[in-house]
Amino acid sequence: MSWISDPNFTGDQPFGPQTLPYGVVDGGVAVRVGDRALLLKSLALGKCSEYVQEDSLDPLLAAGRPVWSVLRAKLREIVTSSSAPKGAELVGIETAKLPFTVGDYVDFYSSRHHAENVGRMFRPDGDALTPNWTHLPIGYHGRAGTVYVSGTEIVRPNGQKRGSEGPKFGPSERLDIEAEVGFVCGGPKAANVSTSRAAEHVFGVALVNDWSARDIQAWEYQPLGPFLAKSFATSIGAWITPLEAFSVARVPTPPLPNKLHDYLTCDQPWGLDITITVELNDTIVARPPFREMSWSFVQQLAHMTVNGATVRPGDLFASGTVSGPEKDERGSFLELSWGGKEPFKLDDGSTRSFLEDGDTVKLTATAPGEKGSVVGLAEVVGTVRSA
């Protein structure tokens, strides 16, 4: 029995004592307990107290894995106690904000199902996968300044698009989502991070929606890749679930057809059995399985730093669109509508290929936890409005 009286603070709910994601609300750094937040700055947390006094997770991210583990153990002890500790204060979660300062942001392209779907659409007469895809985790450097917390409105972007008489300029007409899983980095600044040490530099996990303007992307992406089509907005959940919460959810990644270079080999399974739910205007349109991702986050981090680039506290990298082998497991509307040729139906009877103004997208996700519990990732919600 816990002193926290919240019907959603149980093992069979996403934000029970097995999860304890960190965030920041008006009162400061907190952990989510069901549908409430436990403020940390007034609790007796020993030496860990100094890392939770600011209105940001930045000091905690910089503290490193030993502090993260000690603090999580202490918090689990506090929230499962039968009596409230001195200084305990429960508040609402409505004021949750972007909880850390985003450093570098890298977006990967690690779902084979997604990559093959896109290849079949864009290169119908060629190979679905580019020759490098099974040899390295492909990624690109995104824009940290437009990473927004869940609930932030998404303004339809302007840009150049292909036209019959040359490029035309205006708002995107093929605005899309990308359901992804993001990894928030911490610990000491480091380069050449091996797969065996990558987890020491990952504080936690969050859902990400990397919004995409497909018509702008189709015109601009050759030869250098995404630019304006991606840089206008990336949404992230307000609560960061500690990596340790996923100890039971670890699974092997699907095998690749070729031998990998040594720096990408792993001595442990680091795929994660996370299932995402994608809702558009309250209609569930897809359930992408993250366990199908061909490249794990430790391989992504190892590749990202193998050339001498560093990882720092606050860096964020995302998995790329999560898609499975089935049609209802596709994590983008580009795939669900097959490039707009096969519109999908919503519960209200309307159909969509891409996003219309006023549409609201919601991502949620869960993973198996210890002793049959459920680990949750905080929702990512965004509503589109015109420019």
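When a residue number appears, it is its place in the shown sequence, counting from 1. Reckoned from all heavy atoms, side chains included, excluding hydrogens, waters and symmetry mates.
The 12-atom threshold is not exceeded at NE2 of His261, counting heavy atoms of other residues, nucleotides or ligands nearer than 6.0 Å.
Taking each heavy atom of Ile236 and Ala206 in turn, the nearest pair found is CG1-CB, 3.8 Å. Looking at every heavy atom in both residues, Ala367 comes nearest to Ala249 through CB-CB, 3.9 Å. The two residues Ser150 and Gly237 make their nearest non-hydrogen contact at CB-CA, 4.3 Å.
We find that Asp357 and Arg156 are joined by a salt bridge, their nearest charged nitrogen and carboxylate oxygen being less than 4.0 Å apart. Under 4.0 Å is where a charged nitrogen must lie from a carboxylate oxygen, and between Arg312 and Asp104 at least one such pair does. Note on Glu342 versus Lys327: salt bridge recorded, some NZ/NE/NH1/NH2 to OD/OE distance being below 4.0 Å. Salt-bridge formation is not detected for the pair Asp273/Arg250: no Lys NZ or Arg NE/NH1/NH2 atom is positioned less than 4.0 Å from an Asp or Glu carboxylate oxygen.
Here the two rings, on Phe297 and Trp270, have centers that are under 6.0 Å apart. A ring-centre distance under 6.0 Å is not found for Phe108 and His303. Not less than 6.0 angstrom separates the ring centroid of Phe232 from the ring centroid of Trp211.
Results of the side-chain contact (heavy atoms from CB on, under 4.5 Å) test with Ser235 over Ile154, Val361, Leu363, Ile177 single out Ile154 as the only residue that passes. The side-chain contact (heavy atoms from CB on, under 4.5 Å) test with Leu346 singles out one residue from Thr351, Asp359, Ile284, Val285, and that residue is Val285.
Residue pairs meeting the ring-ring contact (aromatic ring centres under 6.0 Å, His included) criterion with at least one partner in residues 327-352, sequence neighbours excluded, are Phe333-Phe344.
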